[in-house]
Amino acid sequence: MKKYPDKSYLSTVEAEYRPVYRQLTDREKTVYAALYRGIADHKEKIPLPCELNGDEYSRIYCILEKQESRFFYLDSVYYTADKVRDAKVVYRKIYDLDRMKKELDDAVDEAVRGAAGLAGDEYKVRYINDYIVKKCSYVTGGDETFASTAYGCLVEGKANCEGYAKAFSLLANELELESVVITGTTDEGENHAWNQVKVAADWYNIDVTWADTDVSGEMRQMYYLCSDSGFMRTHFADTSLFTPYECKKDDRNYYVSSGLYARTIDEAEDIVRRELKNGNDTIEIRFATPSVYEEFRNDFIDEENIFTLINETGYEYEGEITLSLKENRPELCMTLAFS
């Protein structure tokens, strides 16, 4: 008679930075743990501690495949059946797996060394975000074999959104942060992946892929540590595998913490005045609502009252001044550049 493993769980240390694992039932956790240990050992057939129906198995397997960022060697396909007691795992055809595992370990170690001395969660998140943006270039899914993996992002420097998200979670866990990979769609209906990360006691949304412009020295800030209210205008999470965490706060968002978030037309005007007085020739503002965005645009851009502000603040310029306007209406962002 075939012997099946006893029901066992991940250790307390292993579970600490696996928040999705902690959402599972005890029964599901034993299956996850068996799969995790078997895949870590590159086993093609993994006996499970209990029998599951196909839907149950598929859900647990898909959760693991997305959240275990070190398993870059898993294939994109998997086997299931009406009833599953022995998992059959498909791996990518890799001729020197040990070498590639070491390359990923070395890349992670290099990234972690760069974060030495960072004390707070928020500093660690900013470091990881900026590190990945500088390290990686975006490619579409079929362009590179490992584009959807942390290996593609951190070793090869080429990844799609899933590769970015898995790399973020991997580095976050190494720096003792809780993070999960979220999959879903964009407002344009395209498949997409991003992260949620816990900073101190609160969860935030973050999209490192959309932070990356692939232009040296340029980075988008509008998808950095966001609440659900703004983020969900363009990101729609798939909730079929697990429940994403509720992100309530915007206090650590780039625009809020930098004083560039306008809830009213008066606040928007105050931001422009302050930045001009400080001699800044580029001002990026994010608006709380479409109505405030449109009111500011009508009053200060269309009616050209922005030039009145320039004169009132004593902003120094020679000869004529030109305003260049860059807009991102879906995200309610506007960049004013004076030359």
Side-chain angles (χ1 to χ4, degrees), residues 1-91 101 104 108 148-150 162 165-184 193-199 201-203 205 237-247:
M1 181 179 292
K2 185 170 184 178
K3 181 176 175 58
Y4 286 93
D6 295 330
K7 294 181 178 180
S8 61
Y9 307 95
L10 296 183
S11 70
T12 302
V13 173
E14 290 171 328
E16 185 176 5
Y17 297 107
R18 289 180 167 87
V20 180
Y21 169 82
R22 300 200 303 269
Q23 286 191 19
L24 302 177
T25 66
D26 285 349
R27 179 170 174 270
E28 292 168 338
K29 286 177 180 177
T30 65
V31 175
Y32 190 105
L35 284 171
Y36 173 78
R37 304 205 187 289
I39 293 170
D41 290 336
H42 212 263
K43 293 181 178 179
E44 293 185 1
K45 290 186 179 180
I46 304 172
L48 303 179
C50 57
E51 185 178 82
L52 301 91
N53 66 47
D55 290 341
E56 290 175 316
Y57 173 77
S58 295
R59 174 174 168 267
I60 296 170
Y61 179 89
C62 289
I63 288 174
L64 181 145
E65 190 276 327
K66 289 292 182 283
Q67 304 305 321
E68 297 297 338
S69 298
R70 284 191 180 272
F71 293 162
F72 65 89
Y73 45 86
L74 280 175
D75 201 292
S76 58
V77 300
Y78 67 96
Y79 291 104
T80 186
D82 290 338
K83 299 292 183 181
V84 180
R85 188 65 195 268
D86 295 280
K88 185 179 179 181
V89 182
V90 183
Y91 297 98
K101 284 183 176 180
L104 180 58
V108 171
S148 62
T149 70
E162 188 171 325
K166 286 179 175 177
F168 180 92
S169 266
L170 178 54
L171 295 184
N173 294 164
E174 290 292 321
L175 293 176
E176 300 182 339
L177 297 171
E178 290 187 58
S179 175
V180 298
V181 175
I182 304 292
T183 57
W194 59 93
N195 295 90
Q196 290 184 327
V197 62
K198 193 175 184 181
V199 179
D202 300 302
W203 282 93
N205 298 293
D238 176 8
T239 59
S240 63
L241 297 180
F242 66 94
T243 302
Y245 290 88
E246 189 175 6
C247 302

Worksheet entry | NZ/NE/NH1/NH2 to OD/OE distance under 4.0 Å, E162 and K66 |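 Looking at K66 together with E162, the answer is yes, because their closest N to O distance falls below 4.0 Å.
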Discussion item. With a 4.0 Å cut-off on N to O distance, would you call K83 and E56 a salt bridge?
Written reply: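 No, no charged N to carboxylate O under 4.0 Å.
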In Å and rounded to the nearest 0.5 Å, what is the [atom1] to [atom2] distance from [X] to [Y]?
X    : Y    : atom1 : atom2 : answer
I60  : T30  : CD1   : OG1   : 7.5 Å
E28  : Y9   : CD    : OH    : 11.5 Å
Y57  : Y78  : OH    : OH    : 8.5 Å
Q196 : N205 : CD    : CG    : 5.0 Å
N53  : D82  : CG    : CG    : 8.5 Å
L171 : L177 : CG    : CG    : 10.0 Å

Practice prompt. Determine, step by step, whether L24 and I63 satisfy the side chain to side chain contact (heavy atoms under 4.5 Å, CB included) criterion, reporting the C-alpha distance in whole Å, the side-chain angles of both residues, the deciding distance to 0.1 Å, and the verdict.
Written response: CA-CA 10 Å; L24 302 177; I63 288 174; 4.1 Å; yes
Worksheet entry | Residue pair E68 / Y32, side-chain donor-acceptor N/O under 3.5 Å |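 Side chains of E68 and Y32: pair found under 3.5 Å.
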Worksheet item: Do the side-chain N and O atoms of N195 and S169 include a donor-acceptor pair separated by under 3.5 angstrom?
Response: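 Side chains of N195 and S169: pair found under 3.5 Å.
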Worksheet item: For V31, which of L64, V84, L52 qualifies under side-chain contact (heavy atoms from CB on, under 4.5 Å)?
Response: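 That would be L52.
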Worksheet item: Just wondering, more than 12 heavy atoms not from E44 lying within 6.0 Å of its CD?
Response: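 No.
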Item to complete: Assess whether atom OH of Y91 is packed by more than 12 heavy atoms of other residues, nucleotides or ligands within 6.0 Å.
Response: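 Count over threshold, so yes.
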Worksheet item: Should the pair Y73 and H42 be assigned to parallel (<30°), tilted (30 to 60°) or perpendicular (>60°) ring geometry?
Response: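 Because their plane-to-plane angle lies in the 30° to 60° range, the rings of Y73 and H42 count as tilted.
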Item to complete: Return the orientation label for the Y245 and W203 ring planes: parallel under 30°, perpendicular over 60°, tilted otherwise.
Response: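 Answer is parallel, since the angle falls under 30°.
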Worksheet item: Side-chain contact, heavy-atom cut-off 4.5 Å: K198 with S179?
Response: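 Side chain of K198 against side chain of S179, heavy atoms only: no contact under 4.5 Å found.
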Discussion item. So I39 and V89, do their side chains get closer than 4.5 Å, heavy atoms only?
Written reply: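 In short, these two side chains touch, coming nearer than 4.5 Å.
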Item to complete: With side chain to side chain contact (heavy atoms under 4.5 Å, CB included) as the test, would you mind laying out the steps for L10 and R18 before giving the verdict?
Response: CA-CA 10 Å; L10 296 183; R18 289 180 167 87; 3.7 Å; yes
Determine the minimum heavy-atom distance between [X] and [Y], stating which atoms define it.
X    : Y    : answer
V77  : Y61  : O-OH, 4.3 Å
V108 : E174 : CG1-CG, 3.5 Å
R59  : L241 : NE-O, 2.8 Å
A87  : L35  : CB-CD2, 3.7 Å
F242 : I182 : CZ-CD1, 3.8 Å
A150 : S69  : CB-O, 3.7 Å

Worksheet item: Within the side chain of D238, is there an N or O that forms a donor-acceptor pair under 3.5 Å with the backbone of S240?
Response: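 Yes: the side chain of D238 pairs with the backbone of S240.
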Item to complete: Could you tell me whether the side chain of R85 and the main chain of P47 form a donor-acceptor pair under 3.5 Å?
Response: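 Not at all, since once roles are kept as given, no pair shorter than 3.5 Å links the two residues.
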Worksheet item: So V180 and Q67, side chain to side chain contact (heavy atoms under 4.5 Å, CB included) or not? Walk me through it.
Response: CA-CA 6 Å; V180 298; Q67 304 305 321; 3.7 Å; yes
Worksheet item: Are the aromatic ring centres of Y36 and F71 under 6.0 angstrom apart?
Response: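 Yes, ring centres under 6.0 Å apart.
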Fill in: From CA spacing to verdict: side chain to side chain contact (heavy atoms under 4.5 Å, CB included), K101, F72
CA-CA 9 Å; K101 284 183 176 180; F72 65 89; 4.2 Å; yes
